[in-house]
Amino acid sequence: MANPILVSSGVTVTAASVVPAVEWVLSGCPHPVPESVSALVAGAIVALAHVGINWLNARAAKAGAPAAVPTPPAQ
């Protein structure tokens with residue numbers, strides 16, 4: 001990954017933009033939902049997306065990495 005700080009910042013913006021959609025979905029619930037739930041659900045969605053991206057990046061790095069060659073001990 002080129003710059004994890006930039007990716008983390010992008011994920012934060014994504015979480016902020018997901019909250020209104022989660023609030024809209026939760027507004028259809030028959031029982032009242034606390035206001036903080038939408039932020040928690042949006043955070044969980046973004047965290048799962050982040051985990052998936054990290055998993056895909058690690059998998060791609062492992063597939064493209066050359067096999068480890070043991071180095072002889074220093075004399």
Tested for side-chain contact (heavy atoms from CB on, under 4.5 Å) against H50, the lone hit among N54, I53, L48 is N54

Hits for side-chain contact (heavy atoms from CB on, under 4.5 Å) against P34, two or more places apart or cross-chain, chain-then-number order -> S36, V37

Can you list, pair by pair, the side-chain donor-acceptor contacts under 3.5 Å of residues 40-47, counting residues two or more places apart and other chains?
none

Note: with side-chain heavy atoms under 4.5 Å as the link, the other cluster members for L56 come out as W55

Note to self: Side-chain heavy atoms nearer than 4.5 Å, only ILVMFWY residues, links allowed to pass through others: does that put V33 and V19 together?
What the structure shows: no

